[in-house]
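Each chain gets a letter, A, B and so on, in the order its sequence line appears, and its residues count up from 1.
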Amino acid sequence: MDRLTLDDLKRILRECAGEDEGIDLDGDVLDLNWFELGYDSLAILQTTGLIERDFDVMLDEEALDDADTPRRYLAMVNELLAARTAA
Amino acid sequence: MNTAVAVADAPAVSRTADPVVTGIGVAAPNGLGTAAWWTAVLRGESGIRPVGRFDASGYPAKLAGEVPGFVDAEHVSSRLLPQTDRVTRLSLAAAKEALDDAGADPAQLPDYAAGVVTANSFGGFDFGQQELQALWSKGGQHVSAYQSFAWFYAVNSGQISIRHGLRGASGVIVSEQAGGLDAMAHARRQLRKGARLVVTGGLDSALCPWGWAAYLAGGGLTERDDPARAYLPFDEDASGHVAGEGGALLVLESAEEARRRGARVYGRLAGHAATFDADGTSRLGAAAELALADAGVRPDEVDVVFADAAGERGADRTEAAAIAALFGPHGVPVTAPKSMTGRLAAGGASLDVAAALLALRDQVVPPTTGTSAPAADCPLDLVTGAARPAGDRPLRTALVLARGHGGFNSAVVVRGADA
């Protein structure tokens, strides 16, 4: 797998951390931060663990801190996956 | 009796200051929810059955008390499902029922005025088993980040606190079966220090192969497979106990707070004491005696005793002797509705307190099932066969006894709202 899509991310978030009442992940969520989406740091840790496992990739902890919205998170992961494919 | 601790030196506490129970939430093998459970208890309906949660056919013990009909998603949000063991889900359900029953809205109280003190013995055992299996079969990458707290004894208190905004002094008590009573005593301490409301009691659930291994290593489980003849407290044919899951949570409030908001009161926590069998000598009787002294209640004022009811001949004789020493042989009605649920570890005594309060409310002593009559060496007026309505003498005061594996003894005295 060389690309993490928004649908992938939403599926994994739901599996790892559920979905807050009043939040619709299928809505316009790309630029909402994790807190606004009802996810705490542990939810993102669990989600990241599963992505690292399924995509066989190690994410950078500092980069993770900055990836605080789905758009930024996807960009960070996909940049890493693209670099790996190119290598 | 063997102990005379200087109870008289304790500061005199006005009896009207006793904390009161205003809400009850239950998850029990013979009923989910207080109403379903209490109806079953009064009818003598048992929840002990062949283990259904996993294949127990290869184990020496094959029966358990499993909470029926619990649909996780009806009680726990999808956010919490991936991070909670069954015991936490049962606890969240019981806490909500108790708070709703009390009509309490902790958000209306000042910050830090409401807390949670629960008892627990196993933590999230089934969750922990799954993560250990993932670790050993697939590697550390497959272990849930939530394992960091989902296994922990205190997790039920924590999740209840988060869900209901109970940010006052909170904690967990670990003293096995005695824990359900010891937690109430600690909740009372917090109320005396100024808290206004504490969710307290306890639940346990460890009905998975790993939990079963722990139960078997702990000893005392019956190996019989007929649910009707398996757990027979005080019976001469007693062969051990059945393990079960569940328990009860209670809303304990300062009398002042309950009065202020005009809450319906089930009864008050009038006394508690705990002792420890340090040298192999049972001090269960001493715990009972000290709890009565703490409550300022004479033995002849006690109307019913909810027994620990080990279901093991030696331990049953010891408890019967302790009760007979305090009340005289056949001197007080004794019952063990846990014969219908199995022993629930930290949940057992909490559930007994709930039963005691409802017995006082409804003026009826629930039955001990299975046991048809106590053994000759257990000189008890054991309520068997069917529930026993109060006669000429109203039920006003109940004593609840509990023994925890390893030497813990605890006793609680509850009195009716008007007693």
Side-chain angles (χ1 to χ4, degrees), chain A residues 1-2 4 6-27 29 32-65 67-70 73 76-77 80-81 84, chain B residues 70-86 88-93 95-96 99-100 107 123-124 126-152 154-165 167:
Chain A
M1 287 191 279
D2 57 5
L4 180 71
L6 179 60
D7 282 343
D8 292 331
L9 180 60
K10 289 192 294 195
R11 173 179 53 78
I12 295 168
L13 277 168
R14 283 192 177 110
E15 181 187 335
C16 291
E19 192 169 358
D20 229 3
E21 282 168 44
I23 300 287
D24 178 14
L25 279 184
D26 293 325
V29 297
L32 295 175
N33 67 38
W34 297 131
F35 181 76
E36 289 167 322
L37 289 169
Y39 295 121
D40 55 21
S41 59
L42 206 61
I44 301 308
L45 181 66
Q46 176 74 0
T47 301
T48 298
L50 199 130
I51 289 169
E52 288 186 331
R53 214 168 74 199
D54 287 1
F55 288 78
D56 192 22
V57 64
M58 278 296 284
L59 302 179
D60 179 71
E61 267 185 49
E62 281 183 33
L64 270 170
D65 284 346
D68 59 350
T69 66
Y73 192 94
M76 185 262 304
V77 175
L80 213 65
L81 292 176
R84 187 177 67 182
Chain B
F70 188 80
V71 180
D72 298 65
E74 288 178 4
H75 302 278
V76 181
S77 72
S78 79
R79 279 290 282 113
L80 284 179
L81 282 174
Q83 50 180 297
T84 44
D85 180 78
R86 179 171 172 90
T88 305
R89 298 174 187 178
L90 295 173
S91 298
L92 284 165
K96 178 161 195 316
L99 283 164
D100 287 350
D126 192 11
F127 195 103
Q129 175 180 330
Q130 290 171 39
E131 299 315 312
L132 277 172
Q133 285 176 317
L135 175 66
W136 291 111
S137 63
K138 298 178 191 164
Q141 286 272 305
H142 292 259
V143 176
S144 167
Y146 304 122
Q147 169 68 359
S148 55
F149 58 80
W151 74 274
F152 189 42
V155 70
N156 305 322
S157 286
Q159 294 286 16
I160 293 166
S161 164
I162 293 167
R163 181 170 183 178
H164 296 285
R167 307 207 299 150

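When all heavy atoms are compared, the tightest approach of A/C16 to B/P82 is O-CB, 3.4 Å.
Residue B/Q141 touches chain A through both its backbone and its side chain, counting heavy-atom pairs closer than 4.5 Å. A/D40 touches chain B through backbone and side chain together, each having a heavy atom under 4.5 Å away.
Among residue pairs with one or both ends in residues 135-152 of chain B, none qualify as salt bridge (Lys or Arg N to Asp or Glu O under 4.0 Å); sequence neighbours excluded. Residue pairs meeting the side chain to side chain donor-acceptor pair (under 3.5 Å) criterion with at least one partner in residues 14-26 of chain A, sequence neighbours excluded, are A/K10-A/D26, A/R14-A/E19, A/R14-A/D26.
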